[in-house]
Amino acid sequence: MHDIRFIRDYPEAFDAALAKRGLAPLATDITSLDSQRRALQTEIQALQSRRNEASKEIGMRKGKGEDADDLIQEVADIKAKAPELEAQEAELAQTLMGHLMSLPNILDDSVPQGSDEEDNALVRTVGTLPKFSFTPQDHVTLGENLGQMDFANGAKLAGARFVVLHDQLARLERALASFMLDTHTSEFGYRETLPPAIVNTKTMTGTGQLPKFAEDLYAVEEDKWLIPTSEVPLTNLASDSILDADSLPLRMTAYTPCFRAEAGSAGRDTRGMIRQHQFSKVEMVSITKPEDSDAELERMTNCAETILQRLGLAYRVMKLCSGDTGFSAQQTYDIEVWLPGQDEGRGMYREISSCSNC
RNA sequence: GGAGAGGUGGCAGAGCGGUUGAAUGCACCGGUCUUGAAAACCGGCAUGGGUUUAUAGCCCAUCGAGGGUUCGAAUCCCUCCCUCUCCGCCA
């Protein structure tokens, strides 16, 4: 959610930022709403102030056994007038809040202009592409032939885009998670954390999933949602609290299941395990001072890259363009690993990790 | 799920309809004293918002959350959430 004070102070910069996202300017509308709201608030507070003052005096007069009917009448008049003003104020506040929550984050200056993933900028390529004397098969064929990756049973148990893993593949996931957690905790200073996989609406709103992206989420019951990433609980650990600057940066890593209804991506990447409704992920979250956040983003990206290097995988780092950068992010690096079996065995880079400054 | 107890400042803990944003203790910050430290003593010490050149004042809100009663609510009433104790049910 945007800070109204930034828009008040730098309306031009805010509109320029919206333009970069391909959105029409709104700063004038927003600041006008804001100043109306504040004027109303001042008026209401003056009324409340008078009411408080009168009530105190009533107490004092009654204590002395004096009459206070005139003041009681005055307070009654204030109370008759206040609700209308309060309702107006609440409506303005809600409209304002709606704007602040539904607009995407301001993009960093370094984000390249562009409309979709075609315009993302290559930052670096690392590792050498493996060569094969045969045509590599993709993970679906390999996994099914091994009898360890079972999409049919995934569909039977739950529906499309679920999988059942057995034996070495199930074990592989566990081993990878351990490897990543151990590396991040013992070498990179992250704190291992195991948060709830179900959170309430307030928490989902705290990281921007709600109110905009409800259709991408699984709702379990009233006010309970399955997390689409452990970023949600991890980041909200710091919500509603004022952090001691000395305790920063706060670095956390977690291995959790993630659940995504993915309504928006139907028909795309439907084959195999690339986009599943349920998947597991080792997440890293760093909470830093704003001025340190760019350096932290580089550090975090490096932590993620280290994992791939040690696994001997070839990858590239892409800086997402303005059109491809997510709603909450100021800038994002995608790390794409070379998957030889993709594209009919010709191989291609696929995103396996994404690091953002939010 | 049922019965009971409770949720107050960084922590502990009073207050239970009025001038209480909140006693007291601890912690913390500043000062006096001391060669230095401790102790003792003195002073300060919640958060968010509005107004404002202002981290000065002034004002509003906040004692788990949301409603209500009242001229006035931390204090009374209702709903919800959470914690603790006991009982039940279940993996």
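Protein chains get the first letters and strands the later ones, always in sequence-line order, with residue 1 at the start of each. Worth knowing before you read on, the calculation uses all heavy atoms, side chains too, and leaves out hydrogens, waters and symmetry mates.
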Checklist entry - Could you spell out the base pairing of RNA chain B in dot-bracket, with Watson-Crick or G-U pairs whose two distances are under 3.5 Å, [ ] crossing and | to another strand? => result ((((((((.[[[..)..(.....]]].(((((.......))))).((((((.....)))))).[[[[[..)....]]]]])))))))....
Show me the protein contacts with nucleotides 80-83 of chain B, counting only N or O atoms at under 3.5 Å.
none

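- When the ring-ring contact (aromatic ring centres under 6.0 Å, His included) test is applied to A/F14, the partners found at least two apart in sequence or on another chain are A/H2.
- For the ring pair (Phe, Tyr, Trp, His ring centres under 6.0 Å) condition, no pair includes a residue of residues 24-58 of chain A, sequence neighbours left out.
- Among pairs with a residue in residues 162-186 of chain A, none fulfils salt bridge (charged side-chain N to carboxylate O under 4.0 Å, His left out), at least two apart in sequence or across chains.
- Applying the side-chain contact (heavy atoms from CB on, under 4.5 Å) criterion to A/R5, with sequence neighbours excluded, gives A/D3, A/R8.
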Check the interface with nucleotides 51-55 of chain B: list each N/O to N/O pair with the protein under 3.5 Å, or write none.
unit_1: B/U51; atom_1: OP1; unit_2: A/R38; atom_2: NH1; d: 3.4
unit_1: B/U51; atom_1: OP2; unit_2: A/R38; atom_2: NH1; d: 3.2

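- With sequence neighbours excluded, no residue forms a ring-ring contact (aromatic ring centres under 6.0 Å, His included) with A/Y333.
- With sequence neighbours excluded, no residue satisfies ring-ring contact (aromatic ring centres under 6.0 Å, His included) with A/W225.
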Write out a two-atom table: protein N or O, nucleotide N or O from nucleotides 70-74 of chain B, distance below 3.5 Å.
unit_1: B/C71; atom_1: O2'; unit_2: A/S55; atom_2: OG; d: 3.0
unit_1: B/G72; atom_1: OP1; unit_2: A/K79; atom_2: NZ; d: 3.0
unit_1: B/G72; atom_1: OP2; unit_2: A/K79; atom_2: NZ; d: 3.4
unit_1: B/G72; atom_1: O4'; unit_2: A/S55; atom_2: OG; d: 3.4

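- Counting only residues at least two apart or on different chains, the ring pair (Phe, Tyr, Trp, His ring centres under 6.0 Å) pairs with a member in residues 146-180 of chain A are A/F162-A/H277.
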Which pairs would a plain distance check flag for residues 82-93 of chain A, meaning a side-chain donor or acceptor within less than 3.5 Å of a matching protein atom at least two apart in sequence or in another chain?
unit_1: A/E89; atom_1: OE2; unit_2: A/R37; atom_2: NE; d: 2.9

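- Using a cutoff of 4.0 Å between basic side-chain nitrogens and carboxylate oxygens, A/E336 and A/R350 are not scored as salt-bridged.
- The shortest distance between side-chain heavy atoms of A/R316 and A/M318 falls below 4.5 Å.
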